[in-house]
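Comments concern the structure below.
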Amino acid sequence: MAGMLKQSGAFTITPHKVSLCILFKIYAPPGQFSVPFPFVSVAQHNRLGLFLLALTKSCDGILEPKLDELIHQLRMISQDWEASWLIDQLISRLSCLLSPEDLFNFFTDIRGILAGPETSLEDDQVILDPNSNLGIFLRRCILSFNLLPFEGVCHLLTNIGIYCKEEFSSCPPYEETGLDDSSNNLETYSEYENMDLENFFYEKVSEEIEARKEASERVPFHLHTPNALLSLVDDIDVPADSASKQSDKVRVAGPYEDPQSSMVHDSDPSGAVFLRTNWQIQGYLQEQADNIEKNSNAISLNGFENILQQLQKLAPELHRVHFLSYLNSLSHSDYFAALEYLHCYFDYSAGKEGFDFVPAAGGNSAGRYEIASLCLGMMHFHFGHPKLALEVLTEAVRVSQQHSNDTCLAYTLAAISNLLFENGISSTAGILGSSYSPFNSMGISLSVQQQLFVLLRGSLKRAENLKLKRLLASNHLAMAKFELTHVQRPLLSFGPKSSMKLTTCPVSVSKELRSSSQLISDFSSESSAMTIDGAFSTTWLRDLQKPTGSLIFCQDSGSGNSSNVPQFCAQPTSIPGSVLQVLGSSYILRATAWELYGSTPMARINALVHATCFADASSSSDAALAYIKLIQHLAVFKGYKEAFSALKIAEEKFLSVSKSQILLLKLQLLHEHALHGGRLKLAQKLCDELGVLASPVTGVDMEIKTEASLRHARTLLAAKQFREAASVAHSLFCMCYKYNLQVENASVLLLLAEIHKKSGNAVLGIPYALASLSFCISFNLDLLKASATLTLAELWLSLGPSHATRALNLVHGAFPIILGHGGLELRSRAYIVEAKCYLSDTNFNVFEDYNLVIDSLRQASEELRLLEFHELAAEAFYLMAMVYDKLGKLEEREEAATSFQQHISALNNPQDHDDPLVSIY
């Protein structure tokens, strides 16, 4: 009997569950031998079944949906006439439940939906399998109702009346037909509610609370009433959709609704509150932690903090609230508040709640000091304190070894590896102790790159031995990223050495990426210390309403039937969000790898896969990165107008704050557009703003600092300040060399070659171009190698006509990769350099083969028009005018000369007010 009572407390019959039972009876009416009315096809009937399945998996949320929310969802999944019939049936059957006897008869009738043990099924018969998900849910509802005492049935009846009354007070006019006597029904419910048994019921509850207090000296959390939470969040901005605008009340969202509207208050005049279990509150907190990671800007700092403080008052034993406060402060860059809440969490819980860990070998689980150090180190890493973070994480390594906590040690090593990889640390001497590295005891000094490799291999091995699947997949991604940008060298400087080729290995990168993707096949084998009731439910209803086709960068056409019609293109999935996030990150890394290797179509495909398949599960940074790659592809291949149109959509999706990746992309595109248009002052201003976004701490935000310096040097080069540009590029090269940014060094060396080429020192530029080619070969940077080859060809051509043949051979050797994967600017450069090589060659007969030159120049001018690149376009039209002049085609010559003058005039006298894209800035 005790076990039955415990289970009934975990699953309580509510008005929402009664509504689901009514929908079950509509979905599978007893004795029906065909698709029931009003479904005209099996597909429509199955769609309702999927919807009911999703609702059953979402029923354990912290707050259940109101009747009007259920009605709105029915309208979303059905056609107009079909939805109206379903809604009418639902409301009428709810209105017929006027007495406890009606409830008893209802739950007796729905037993006929379930198939018996000896039921013989006939063709087209609609019946529920008792062992199916729907059947189990229906059986639980029936059992929960049968366990209710009479006073409990009366309370359920009263709650159904309140449940219906809220809908009747806000329903449209066409739904009010036949419902005018709803107030009388509510009075009928009150007759049962006013019985003397009610006082007896509350006395029994009070006695149970007191008994549990005496037994465990604390009140279990599922007895706390969360009604005080419902009036706290007045300052949260919730975007209202077309359905919610019809009502003045702001309702509490269920776990399957939009996460941005999951924390709004609801004024319930009746004061009726459904009690929630401890697991459901834990699930709510876990869901909010996921929302913070996915889109922290949608959560109000003060509003969510008020909710957490009220939860802390109602349930002091729920220490996870402190950790949610820490995450909330962390996402809003409040350093002192995050530090305080992190200390509070570990002071109260000792790090035992909410973390997956394998117990130590000696059974010592006191303190969890190593987990606290790990979290503190990751917090310092987030706020840009690399040295302090490295010191704290090194302490976590020491304590983890001391307590034999291998799991925490594996996570700490992965965190240190990520820290060394993301931040520029030139030396770890005096920070990383000798307790971990086996080479320190041998007297061998390792570089940061070698230490990073050792840490990655160590963390990978530990995760594999401990069967930490998600950490193992993340470590494989980290190894792929390392092998993508680092040339492996022998760790030992003595002993026999085998010949090795100092290049990166794309095969190894592909192998690591493939290994990380194997996580999806065995993600369920990793155990978790906390299992949330209904943890998979949030994706079911969300997946049911995904429209077909890609919605990336799709503008709203304004038609009334394109945005509201749900199309069921995706099957519901119960794969954990953390697994999908790791898989999505692998596609982002694949796109990055293909960008470096020079395969633009493959990079675009992988970015599209992430944006379309993993948008719901990925973090906001990964989702923004996928959009960035797609926008960059548009800018390179379609021009700036297409790119800025897509950027506007991305800005609405990802708010541009301080170091937002979308803001960085916007500044980069504006800088490129300003340089091509000759607006050098605007370009320099954009460079300064780009540099301001980087942290002043040494070694932090190295990517932003490198990008800002590189663009500053290019701006000086466009202004023909060659000495200053060379000085900035040389300083940038030294910084990249210091922090082992070898891929960036290839671009810096190429820039130095460009500076010497334009300054007229071709002889000094050739060594830089050759050095850049060497870096490109070592790191398999095929597209950058093609660009460096073009620069080298121009340098040889600058030495005189005798080198024209050599330069032409270089250009033709780079043509396959340029024409197959190059963007508009790179292709235009190649066409122009090819024309210059032909015209400089003394053996070339312009009268016979002029089409070779004219076709290349005309193609270059058309592509440069999309980029609005006045300098290169002027050069193309100048060469076209020269060719037409030699051929005696005066009309074509004058047309080319006029275009040349227009581009030169636009370059020398830029008019910002004539360019609509400048207004974006």
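Taken from CG in L452 to CG in L456, the straight-line distance is 4.5 Å, to the nearest 0.5 Å. Interatomic distance, Q661 CD to E703 CD, rounded to the nearest 0.5 Å: 8.5 Å. One finds the CG atom of L455 at 12.0 Å from the CG atom of N418 (value rounded to the nearest 0.5 Å). Note: N291 CG to S331 OG = 11.0 Å, rounded to the nearest 0.5 Å. Atom OG1 of residue T789 and atom CG of residue L784 lie 9.5 Å apart, to the nearest 0.5 angstrom. Taking CG of L770 as the reference point, atom CG of L749 lies at 10.5 Å (rounded to 0.5 Å).
Here E483 does not pair with R457 in a salt bridge; the nearest charged N to carboxylate O distance is not below 4.0 Å. Under a 4.0 Å N-O distance rule, the pair K461/E464 does not qualify as a salt bridge. A salt bridge links R714 to E672: one of the charged nitrogens lies within less than 4.0 Å of a carboxylate oxygen. Between E707 and R711, at least one side-chain N (NZ, or NE/NH1/NH2) sits under 4.0 Å from a carboxylate O, which counts as a salt bridge.
T715 has its side chain within reach of H671: a pair of non-hydrogen atoms, C-beta onward, lies under 4.5 Å apart. The shortest side-chain heavy-atom distance between L864 and I832 falls under the 4.5 Å cut-off. The closest side-chain heavy-atom distance from L824 to R827 is below 4.5 Å. Looking at L790 and L826, their side chains come closer than 4.5 Å, going by heavy atoms from C-beta outward. With a 4.5 Å cut-off on side-chain heavy atoms, K481 and L589 count as touching. For the pair L773 and Y768, the minimum side-chain heavy-atom distance is 4.5 Å or more. The closest side-chain heavy-atom distance from Y627 to L647 is not below 4.5 Å. Between K638 and L866 the shortest side-chain heavy-atom distance does not fall below 4.5 Å.
Shown here for A643 and L634, the closest heavy-atom pair between the two residues is CA-CB, 4.2 Å. Heavy atoms only, all atoms of each residue included: V700 and P386 are closest at CG2-CD, 3.4 Å. Considering every non-hydrogen atom in both A389 and F381, the closest pair reads CB-N, 3.7 Å. Listed here is the closest heavy atom pair of G584 and H610: O-CD2, 2.9 Å. The two residues L374 and A415 have their closest heavy-atom pair at CD1-CB, 4.1 Å. Heavy-atom minimum distance, L330 versus A338: N-CB, 4.1 Å.
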Which is it for R829 and T791 under the side-chain contact (heavy atoms from CB on, under 4.5 Å) test, yes or no, and what are the steps along the way? CA-CA 9 Å; R829 278 187 58 206; T791 302; 3.3 Å; yes
Go through the steps for L751 and L717 under the test side-chain contact (heavy atoms from CB on, under 4.5 Å), then give the verdict. CA-CA 9 Å; L751 176 61; L717 176 60; 4.3 Å; yes
Given the rule in the side-chain contact (heavy atoms from CB on, under 4.5 Å) test, do Y587 and I605 qualify, once you have shown the distances and angles that lead to the verdict? CA-CA 9 Å; Y587 281 96; I605 287 174; over 6 Å; no
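Aromatic ring pairs are classed by plane angle as parallel below 30°, tilted from 30° to 60° and perpendicular above 60°; the pair Y640 and F644 is tilted. Note on ring orientation: taking the six-membered ring where Trp is involved, the planes of F637 and H633 are parallel (angle under 30°, cut-offs 30° and 60°). Ring pair H380/Y335 is tilted by interplanar angle, where 30° to 60° counts as tilted.
At distances below 3.5 Å, not a single donor-acceptor pair connects side-chain atoms of S772 with backbone N or O atoms of A788. Judged by distance alone, with hydrogens and angles left aside, the side-chain atoms of S474 form a donor-acceptor pair with the main-chain N or O of R470 at under 3.5 Å. For the pair N780 (side chain) and Y597 (backbone), a donor-acceptor distance under 3.5 Å is absent. Side-chain atoms of S787 do not come within 3.5 Å of backbone N or O of L783 as any donor-acceptor pair. No donor-acceptor distance shorter than 3.5 angstrom exists from the side chain of S510 to the backbone of V507, with no hydrogens or angles considered. The closest donor-acceptor contact from the side chain of S618 to the backbone of Q581 lies at 3.5 Å or more, if one exists at all.
Aromatic pair H676/F869: centroids less than 6.0 angstrom apart. Between F733 and H730, the ring center distance fails the sub-6.0 Å criterion.
Within 6.0 Å of NZ on K629 lie more than 12 heavy atoms contributed by other residues, nucleotides or ligands. When the shell of 6.0 Å around CE of M378 is examined, it contains 12 or fewer heavy atoms from other residues, nucleotides or ligands.
The only option from R590, H476, E512 that meets the side-chain hydrogen bond (donor to acceptor under 3.5 Å, both in side chains) definition with S517 turns out to be R590.
When only modelled atom types and interatomic distance are considered, S585 and D622 share a side-chain donor-acceptor pair under 3.5 Å.
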